[in-house]
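What follows is a short report on a single structure.
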Amino acid sequence: TVGELAGGIAHDFNNMLSGIVGAADLLKSRVADKDRQYVRIILDASRRASELAVKLLVFSRKNKLVTMPFDVHNMLKNTVALLEHSIDKRITMKIVTEAERSVIIGDETQLQNALINMGINSSYAMPEGGNLIFMTRNVMLDKLYCDASPFDLVPGEYVEIEVQDSGVGIPPEVIGHIFDPFFTTREQGKGTGLGLSAVYGTVQNHHGAITVYSEVGMGTVFHLYLPQTDNVIVPEQSEGESLYGTGCVLVIDDEELVRSTAKGILEDLHYSVITAASGPEGLEIYRARRDEIDMVMLDMIMPGMNGREVFRILRQINPELKILIASGFTRDGNTDSLLQQEGCSFIRKPYMKKDLSWAVAELLRDE
């Protein structure tokens, strides 16, 4: 019940953040240089709010995984670069890469958020400074280990990520509760108690495992085990610039804030835009104007006719229609079958102008 509540709150929260992030991103290039610092403050605060929504979604098991191959070592470098701006400068961070095979398939953003959570937690355990080490290695987990594990593991090769700090350690009476949702040892108002719960949920979502060992006064070490993948190509990272294009996009979303922001971003990217406030309205517009519409941007959670039903009817009308699913989460987690279809992609709310530009360009490039 709490999970359903958390997921529902996070969905509405992400819709509001989509409007805030999108509008601020558009303003960034339109305000005077002296005022851009305030836009950056809005975007920074929105990103942190979005991270809280991600924690709620992971805890509620409603978060949509955006899975693709990526290199764990590159993710760790980016994680440390972000942590350098977040934690005490007296803490020395180090990456040790012993894993020879470091590619996994998963949601890089979720896993990076998990490691940032762990790094920030470790920093609180080192108020006078200390050492934070991220280490990787390849390990083989056999059937005996997997059968004995509380996690749903398949025997095979895993990438192990070790996160070790030299902090105050975790008392024995506390360590058994650190992954419990809403459990925190921090003062009221200093923590939600969702950080390590979200880490645990993220590892579960990736069919991995996490263990912890700690001694008071000696520090803490976490071990994350993630299935290693062979014979896959890691896609190149998208460039920092937005991609501009041409074409007509139909945006179907019941939230006026989301519709107007998406319309503003897409028009700024040189697309023409039609909006619809519901599934039936979107279908009526598409039937009447299908010859001029190149792509549909579709929300999943809408009252009355939901996005999945709209998707089904749109594909009956035009089996080759390009559809971009835009959602903070999916209530039943069943968009996988939609995303496996040709000409369909996914973008998570809230999104930046650059992210939306690449998602749309990727779908329309074969037009």
Side-chain angles (χ1 to χ4, degrees), residues 2 6 10 13 41 44-60 63 72 75-96 108-136 160-205 208-226:
V2 175
F13 195 43
I41 290 170
D44 184 56
S46 299
R47 286 191 196 99
R48 281 182 282 159
S50 179
E51 289 168 8
L52 175 59
V54 167
K55 293 176 186 177
L56 286 167
L57 290 168
V58 173
F59 163 60
S60 67
N63 211 13
V72 168
M75 179 189 66
L76 286 175
K77 290 175 186 175
N78 293 334
T79 300
V80 168
L82 290 168
L83 283 171
E84 284 174 347
H85 301 289
S86 307
I87 64 176
D88 195 320
K89 302 298 182 185
R90 293 173 295 177
I91 296 173
T92 301
M93 288 185 287
K94 182 180 179 182
I95 301 174
V96 181
E108 185 173 3
T109 300
Q110 272 200 26
L111 284 167
Q112 182 169 290
N113 283 338
L115 290 167
I116 289 171
N117 265 314
M118 297 171 73
I120 291 173
N121 275 355
S122 291
S123 73
Y124 286 123
M126 298 181 283
E128 306 300 324
N131 298 308
L132 178 57
I133 301 171
F134 296 90
M135 181 181 294
T136 68
E160 177 188 352
I161 305 175
E162 180 181 300
V163 183
Q164 180 178 339
D165 68 57
S166 59
V168 297
I170 306 172
E173 65 272 16
V174 171
I175 201 166
H177 299 284
I178 62 170
F179 295 119
D180 293 351
F182 307 113
F183 176 83
T184 180
T185 57
R186 295 186 210 166
E187 298 174 24
Q188 187 171 355
K190 296 292 182 67
T192 61
L194 281 169
L196 286 177
S197 172
V199 171
Y200 190 93
T202 295
V203 172
Q204 280 188 315
N205 288 344
I210 183 170
T211 64
V212 59
Y213 178 79
S214 184
E215 290 187 18
V216 175
M218 299 296 291
T220 301
V221 57
F222 288 88
H223 297 271
L224 283 70
Y225 301 94
L226 301 167

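What you are looking at is a predicted structure, and each value in this text was computed from that prediction instead of being measured.
Nearest heavy-atom pair across Asp88 and Pro127 is OD2-O, 4.0 Å. For the residue pair Leu224 and Val203, the shortest heavy atom distance occurs at CD2-CG2, 4.0 Å. Residue Ile87 comes nearest to Gly119 through the heavy atom pair CG2-O, 4.4 Å, listed as atom of the first residue, atom of the second, then distance. Minimum heavy-atom separation, Gly219 to Ser214: O-OG, 3.0 Å.
Once rounded to the nearest 0.5 Å, the distance linking CD1 of Ile175 with CD1 of Ile170 reads 4.5 Å. Here Glu108 contributes atom CD and Asn78 contributes atom CG; the two are 6.5 Å apart, rounded to the nearest 0.5 Å. Atoms CG and NZ, from Leu132 and Lys94 in turn, are 12.0 Å apart once rounded to the nearest 0.5 Å. Rounded to the nearest 0.5 Å, atoms CD1 (Ile91) and CD (Glu128) are 10.5 Å apart. In this structure, the separation between OG1 on Thr220 and CD on Glu215 is 9.5 Å, given to the nearest 0.5 Å. For the atom pair Gln110 CD and Asn205 CG, the distance stands at 5.5 Å (nearest 0.5 Å).
Between the side chain of Ser166 and the backbone N or O of Gly130, no donor-acceptor pair lies under 3.5 Å. Within the 3.5 Å criterion, the main-chain N or O of Leu196 finds no donor-acceptor partner in the side chain of Asn117. Looking at Thr136, its side chain never comes within 3.5 Å of a backbone N or O of Glu160 through a donor-acceptor pair.
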- Item | side-chain contact (heavy atoms from CB on, under 4.5 Å) between Ile133 and Glu162, worked out | CA-CA 8 Å; Ile133 301 171; Glu162 180 181 300; 5.9 Å; no
- Please report the C-alpha distance between Ile116 and Leu82 in whole Å, then the side-chain angles of each, then the deciding distance to 0.1 Å, and finally whether the side-chain contact (heavy atoms from CB on, under 4.5 Å) criterion is met. CA-CA 8 Å; Ile116 289 171; Leu82 290 168; 3.7 Å; yes
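Ring geometry for Tyr200 against Phe179 counts as tilted: the plane angle lies between 30° and 60°, on a 0 to 90° scale.
Legend: residues meeting salt bridge (Lys or Arg N to Asp or Glu O under 4.0 Å) with Glu84, ordered by chain and number and at least two apart, are absent. Every residue was checked against the side-chain hydrogen bond (donor to acceptor under 3.5 Å, both in side chains) condition with Thr79, not counting sequence neighbours, and none meets it.
Inter-residue side-chain proximity for Leu111 and Leu226 is flagged as met; some heavy-atom pair is nearer than 4.5 Å. Residues Ile95 and Lys77 meet the side-chain proximity criterion, which asks for heavy atoms closer than 4.5 Å. Within the 4.5 Å cutoff, the side chain of Ile178 has heavy atoms near those of the Phe222 side chain. Considering only heavy atoms from C-beta on, Ile161 comes within 4.5 Å of Met75 through its side chain.
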